[in-house]
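Throughout, a chain's letter reflects where its sequence line sits, starting with A, and its residues are numbered from 1.
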Amino acid sequence: MSIEVSNLSFSYGERSVLDNINFTAYDNQLLSVLGPNGVGKSTLFRCILGLLHGYKGQIRLNGIDIKSLSIKEIAKLIAYIPQSHYPSFNFSVFDMVLMGTTVQLSYFSSPGLQQRMLVESALDRLGIIHLKHRGYTQISGGERQLVLMARALVQKAKILILDEPTANLDFGNQILVLTQMKSLAREGYTVIQSTHNPEQTFLFSDTVMAMKGGRVLACGTPGKIFTKDLIQNLYGVEVEMQSLYEDRARVCIPKSVIERDYKQQLCS
Amino acid sequence: MKRINKNNIIVGSLGILLILTIIISFQLGRYPIPTKDLLGVLLSKIYPLEQFWSDRMETVFFNIRLPRIILACLVGCCLSAAGAAYQGVFQNPMAAPDILGASAGAAFGAALAIYLYGSSYMITISAFCFSLLTVALVFFISKRVRGKSILGLILAGIMISSLFSASTSFIKLVADPNDQLPAITYWLMGSLAGAKLSDIQFVFMPMFLGLIPLLLLRWRLNVLTMGDDEARTMGVNANQIRLIVIICATLITAASVSVSGMIGWVGLVIPHLARKLVGNNYNHLMPSSMLFGAVFLLLVDNVSRNLLTTEIPLGILTAFIGAPFFIYLITRKGESY
C-alpha cells in the first residue's frame, strides 16, 4: 500500500498553508513529518484523510486518486489516530475500540461477534487487554493513545496516520507508543506521524520529511538529512549534534544554553 | 463479555418494569380496574368472553384510562429518546429535547390556536406544525452562521426559542383573561388530562417514523460523539447521520409536546439515569432511555391524577421530581461518567 502526494497545495482564503508538497510513503515504513508549530502538518493530514477538499494537486492511494473515493472507501484504506483526548462521554475501552469496526458494517447494523473478536485481538496485540472494561477517560494518556491505535487496527486500514502521538505523554509512554508504531510498520503498515522530537524521530523513523512554511525542506532517510543545519533551519535554534552507538542515534543540544552556562562558569 | 450481558438484562428488566407499571396504573384512579377485569376486557377483544364487568368499566377503560396510559408511555419514551439523541449529536450531556426550539415553537403554536378559538384538535396540529417549523427555521439560520456548525445550531436554537417565547408571552398578554389565558397557561404547564384516542392516532405515525431510525442508527450515534473528523475517518458520514438524527428527534419531540404540552426535565434526567445504569454506549442507552422514560412519565402521571382531587400539571411534577433528583445524580460520589 503506497500513498503518493504530488504537487499538493492548499490555502485558507489568501493564506497559503501547503505549497507544492511532494512525497511518497510505502508500506513497512514509518514516516515522520517534522516541523515547527503551524507549519501545515495537520492540514496535510486532513487533506490525505479526505477531510479537506479544495486543494490543488493529487493524493493517490495505490495509484487511485482519493477524490474519486467515498468516505467509507477512504476509511477502509486509511485510519486516523488523533492525539489522546477526552471525549464528551466516557465509553469503555472495549466500546471505544469497537467503534473502529464501523466501516465494516452496513448502515443500520451494530457490531457483532466477529467485530468483538477483532477488538480482543487488537487489544491483545497492543498489550492493553487488561484495560478492556475500564473507562476510556479513566486511564492514562499513554494508555489512551494505545487504545486509539487499537481502534485504528480493527479498522483494517493499512495506512495509519498519527497526529503528534507522543505529545503530552511522559518519556516512558513516548517510547512505548513509538515502539508499537515501529513494530506495526514492520508488520506491513504504512505509518505516518507528525512529531516535535528530533532525537526520537531519528531513532525510530525510516523516512523523515522536514517541513517549513508549508514546503518540504528535506525528505529522506534520517541518516542522510539529519544535520545541524536542518534543525537550525527548522526551529531557529543553533544545536550541537552528537552521534552515538555507531550513528544509530543522534542527540541535539541547544548550543546557546550550553555556551551561556559555560561562560558563566568561566567568569565566576 | 460479562458486562454486555449485564446491560441486556437491565434493558430486559426495564421492559418488564414497564409492563408492571402499566398494569398497576390501570388500577389507580377514581374507578379502579382490577387486574381480572383488565384481562377480561382485553381478552374479549380477541376471544369471545362472557362479560363479567360493568359497561361503565369498559367505557372508563377504553375512553379514559387506556389512551392516557398509552400517551404517557409514548410521550415519556419519545422525550427521553430525543434527549439522548440530541446529547449525542451535540456531544453535550446537557442537551435536552428543547435545544433547537421544538418546545418553544409548539408553545407558540398552541397559544396561537387557543387565541384563535381553535378546537382541541386544531391546538394539537398547530403546536405540532409550529414545532417543526421552528426547528426548520433554526436549521436554516444555522447554515448561515460562520464557523462550527454545532455551535451555530445551538446559538440559533437559543435565539429562535427566545423569539417564540416572547411571541407566546405577547399572545398571553392580548388573550381573553377569562377563558383563553388560563387555557394557555394550563397548556404550558403540560398535562395528559385530556388524552383521547384521536391523540394517539395523530401522534402514532410521527413517533413511529422518528423512533425506529433512532434505534437503527444508535451504533453510528456512538461514533458521532467522537466529533465530525474522527467519525468521518471511521467511515461515518457525520453530517448525514446528524441530519437524520435531528429530524427524527425533532419529529418525536414535536409529536409529544403537541399532545402533552410542556413537560420539561424528562428529556434531560432520564438519559442521564440511563447512562448511570448501562453506560454511554447507545446500543443499550437508547432502548433503556426509551423504556425508562415511559416508566417515569407513567408513574409521574399516576401521581398527577391521584395525589390531589384536582390534577397537578405534569410539567410542575417533573420539575419537582426531576430537579432534586438530577442534583443528587451529579453530586453523588462514585465513578464519573
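- Between chain B and the options A:A157, A:P87, A:S110, the largest number of non-hydrogen pairs under 4.5 Å is found for A:S110.
- Taking chain A as the reference chain and counting heavy-atom pairs below 4.5 Å, the highest number among B:D229, B:D228, B:V223 is found for B:D229.
- A:K182 NZ: more than 12 foreign heavy atoms inside a 6.0 Å radius.
- Crowding of A:K67 atom NZ: a count of heavy atoms from other residues, nucleotides or ligands under 6.0 Å exceeding 12.
- For the options A:V103, A:T102, A:I161, A:I81, heavy-atom pairs under 4.5 Å to chain B are most numerous at A:T102.
- Within the 4.5 angstrom heavy-atom criterion, only side-chain atoms of B:M226, from C-beta onward, approach chain A.
- Across every non-hydrogen atom of A:Y107 and B:Q240, the tightest pair is OH-OE1, 2.8 Å.
- Interface check for chain B: of the options A:R46, A:K76, A:E73, the most heavy-atom pairs under 4.5 Å are formed by A:R46.
- Heavy atoms closer than 4.5 Å to chain B are found in the backbone of A:S109, but not in its side chain.
- Using modelled atom types, one side-chain atom of A:Q155 and one backbone atom of B:T233 make a donor-acceptor pair closer than 3.5 Å.
- Taking both residues in full, the closest heavy atoms of A:F91 and B:N280 are given as CE2-O, 3.3 Å, listed atom of the first, atom of the second, then distance.
- Scanning all heavy atoms of the two residues, the minimum distance from B:R232 to A:A75 falls at O-CB, 4.4 Å.
- Of all residues in residues 207-217 of chain B, those placing a non-hydrogen atom less than 4.5 angstrom from a non-hydrogen atom of chain A are B:L216, B:L217.
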For residues 89-105 of chain B, run the donor-acceptor check on the side chains, cut-off 3.5 Å, and write out each pair with its distance to 0.1 Å, sequence neighbours left out.
{"unit_1": "B:N92", "atom_1": "OD1", "unit_2": "B:M94", "atom_2": "N", "d": "2.8"}

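- Between B:R220 and A:L105 the shortest heavy-atom distance is NH2-O, 3.5 Å.
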Run the side-chain contact (heavy atoms from CB on, under 4.5 Å) check on A:M99 and B:E230 step by step: do they pass?
CA-CA 10 Å; A:M99 287 187 205; B:E230 271 183 69; over 6 Å; no

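- Heavy-atom minimum distance, A:D95 versus B:W219: O-CH2, 4.2 Å.
- Residue B:L224 does not touch chain A at all, counting heavy-atom pairs closer than 4.5 Å.
- Looking at A:L98, the atoms closer than 4.5 Å to chain B (heavy atoms on both sides) sit in the backbone and in the side chain alike.
- Atom CG of residue B:N281 and atom CE of residue A:M96 lie 12.0 Å apart, to the nearest 0.5 angstrom.
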